[in-house]
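Data block below; observations after.
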Amino acid sequence: MRLDKLLANMAVGSRKEVKQLLKAKKVTLNNHVVKDGSIKINPDSDSIHVDGYPVIYQEFIYLMLHKPPGVVSATTDAKDKTVIDLLSEQERHFQPFPVGRLDKDTEGLLLITNDGDLGHHLTSPNKNVPKMYRAKVKGELPQDVIQQFADGVTLEDGYFTKPAKLEILSVDEESGVSEVQIEITEGKFHQIKRMFEAVQGKVIYLKRHRMGELTLDDQLARGAYRPLTEEEVAYCYSLKK
């Protein structure tokens, strides 16, 4: 990789700014000042500093975001704030995207990355990556609703879902609201809401807590994010095999 390209990719500056830094002798390669940005370097072994600060090459970023309600799972949107708008300029420089999507009014775990291969594996129906949600559902649910979900549910458009694990956590008889936990292995449009509509229920709150072995960090406030840990990244890489 060219030195100037690496510096630009790591958000050290624009191509023009990088050229100025090189000209001003602010860049060192393996402890030697360099002025030629076209020099080919090995990002894995060469030592690069700008103004005395190390520049560590990073091809991919992996972020865990606690998506808040009211924000759309997209890279751009003409009307609404997106999950990418929640990131700093440094992270946006990597041109990341959300893996899968959560509805605008749904909150919870969302993975943000620029690793397209990983995004495919996490969302591929063939991988059967389980996704666990907690929801509040209004309406009296059938007594056999757990078995119905385990067998699969026919949605309003005729689609028959894969089996889902449903657990009733509590039922408020006065308000008619049930708190539930549900695990699915696919992600059709508004799937959980449509599954409950198929059994005469209405989802009034929905939050994703887990994707595979990635569990939402309970220290993350709505709208906050953090890099994945080494163990979490290792799990993501295991899905690509």
Side-chain angles (χ1 to χ4, degrees), residues 11 58 60-77 79-116 118-124 127 129-138 164-167 169-170 177-196 202-239:
Q58 183 179 4
F60 298 121
I61 62 169
Y62 303 95
L63 304 173
M64 176 184 293
L65 170 73
H66 184 168
K67 178 195 170 299
V71 177
V72 296
S73 300
T75 53
T76 60
D77 191 272
K79 298 185 298 181
D80 297 306
K81 178 182 285 190
T82 73
V83 292
I84 302 304
D85 293 329
L86 299 175
L87 306 182
S88 72
E89 183 177 347
Q90 181 177 0
E91 277 112 11
R92 292 199 300 271
H93 181 81
F94 285 89
Q95 298 183 316
F97 57 88
V99 175
R101 58 174 293 136
L102 292 176
D103 299 336
K104 181 179 176 180
D105 59 350
T106 299
E107 67 171 286
L109 172 63
L110 193 63
L111 178 63
I112 307 288
T113 185
N114 59 339
D115 186 342
L118 172 64
H120 167 73
H121 286 292
L122 263 176
T123 55
S124 170
K127 288 289 184 178
V129 176
K131 304 167 186 68
M132 190 270 281
Y133 298 76
R134 290 186 187 156
K136 292 182 181 179
V137 183
K138 192 169 183 62
K165 297 178 182 178
L166 176 64
E167 181 181 355
L169 302 177
S170 67
V177 173
S178 302
E179 291 195 30
V180 305
Q181 181 169 287
I182 179 172
E183 185 178 282
I184 61 176
T185 57
E186 54 187 345
K188 299 298 181 181
F189 182 68
H190 291 316
Q191 179 169 337
I192 290 179
K193 294 176 180 178
R194 294 162 67 201
M195 290 177 75
F196 280 103
K202 179 178 176 59
V203 174
I204 58 176
Y205 171 80
L206 187 61
K207 180 177 183 179
R208 182 160 67 193
H209 282 266
R210 194 178 72 238
M211 293 177 63
E213 295 180 14
L214 298 178
T215 301
L216 180 63
D217 189 332
D218 58 12
Q219 300 299 311
L220 287 178
R222 290 175 174 175
Y225 60 92
R226 65 160 174 79
L228 294 190
T229 65
E230 290 184 9
E231 293 78 10
E232 290 167 339
V233 171
Y235 165 69
C236 291
Y237 281 171
S238 74
L239 296 174

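Both backbone and side-chain heavy atoms feed into the values below; hydrogens, waters and symmetry mates do not. Counting begins at 1 with the first residue of the sequence.
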Quiz item: Do the non-hydrogen side-chain atoms of Lys81 and Leu86 ever get within less than 4.5 Å of each other?
Solution: yes
Does the pair Phe196 and Leu166 meet the rule for a side-chain contact (heavy atoms from CB on, under 4.5 Å), with working shown?
CA-CA 11 Å; Phe196 280 103; Leu166 176 64; 3.8 Å; yes
(message) Let's go through Val233 and Tyr235 carefully: what are the C-alpha distance in whole Å and the side-chain angles of both, what is the deciding distance for side-chain contact (heavy atoms from CB on, under 4.5 Å) to 0.1 Å, and is it a yes or a no?
(response) CA-CA 5 Å; Val233 171; Tyr235 165 69; over 6 Å; no
Smallest heavy-atom separation, Gly108 atom then Lys207 atom, equals CA-CG, 4.0 Å
With a 4.5 Å heavy-atom cut-off, do Pro227 and Glu232 have their side chains touching? no
Nearest heavy-atom approach of Ala74 to Thr82 is O-CB, 3.1 Å
**Asked** Would you say the side-chain atoms of Lys67 pair up with the backbone N or O of Asp103, donor to acceptor, closer than 3.5 Å?
**Response** yes
Correct closest heavy-atom pair for Leu87 and Ile112 would be CD1-CG2, 3.9 Å
(message) Can you confirm whether Val99 sits close enough to Thr123 that some side-chain heavy atom of one is under 4.5 Å from a side-chain heavy atom of the other?
(response) yes
ask   = Checking Asn114 side chain against Gln95 main chain: does a donor-acceptor pair fall under 3.5 Å?
value = no
Between the CG atom in Leu122 and the CG atom in Leu239, the distance rounded to the nearest 0.5 Å is 5.0 Å
In short, Arg208 meets Arg101 closest at the heavy-atom pair NH1-O, 4.3 Å
In this structure, CD of Gln191 is separated from CE of Met195 (nearest 0.5 Å) by 5.5 Å
Any side-chain heavy atom of Phe60 within less than 4.5 Å of one from Leu118? no
Main-chain N/O of Leu102 paired with Ser73 side-chain donor or acceptor, under 3.5 Å:
yes
Criterion side-chain hydrogen bond (donor to acceptor under 3.5 Å, both in side chains) on Tyr205 and Glu179, from CA distance to verdict:
CA-CA 9 Å; Tyr205 171 80; Glu179 291 195 30; over 6 Å; no
Notebook entry, point to check: Is any side-chain N of the basic residue among Asp105 and Lys193 closer than 4.0 Å to the acidic one's carboxylate O?
Noted result: yes
Rounded to the nearest 0.5 angstrom, the CE-NZ distance for Met132 and Lys165 is 11.5 Å
Between Ile184 and Ala164 the two heavy atoms that sit nearest each other are CG2-CB, 3.8 Å
- Please check if atom NZ in Lys136 has more than 12 non-hydrogen atoms from other residues, nucleotides or ligands closer than 6.0 Å. no
Distance col, row Asp115:CG vs Tyr237:OH, nearest 0.5 angstrom, shows 6.5 Å
The reported gap from CG in Leu206 to CD in Glu107 (rounded to nearest 0.5 angstrom) is 9.0 Å
Taking every heavy atom of Arg226 against every heavy atom of Asp217, the minimum-distance pair comes out as NE-OD2, 2.8 Å
So Pro98 and Thr75, do their side chains get closer than 4.5 Å, heavy atoms only? yes
Task: Any donor-acceptor N/O pair, Thr113 side chain to Ile61 backbone, under 3.5 Å - done: yes
One should read off an interatomic distance between Gln219 CD and His66 NE2, to the nearest 0.5 angstrom, of 12.5 Å
**Study point:** Chi angles and distances behind the side-chain contact (heavy atoms from CB on, under 4.5 Å) call for Leu111, Leu228
**Key:** CA-CA 9 Å; Leu111 178 63; Leu228 294 190; 3.8 Å; yes
Item to check | Check: Phe189 main-chain N/O paired with Arg194 side-chain donor or acceptor under 3.5 Å | outcome: yes
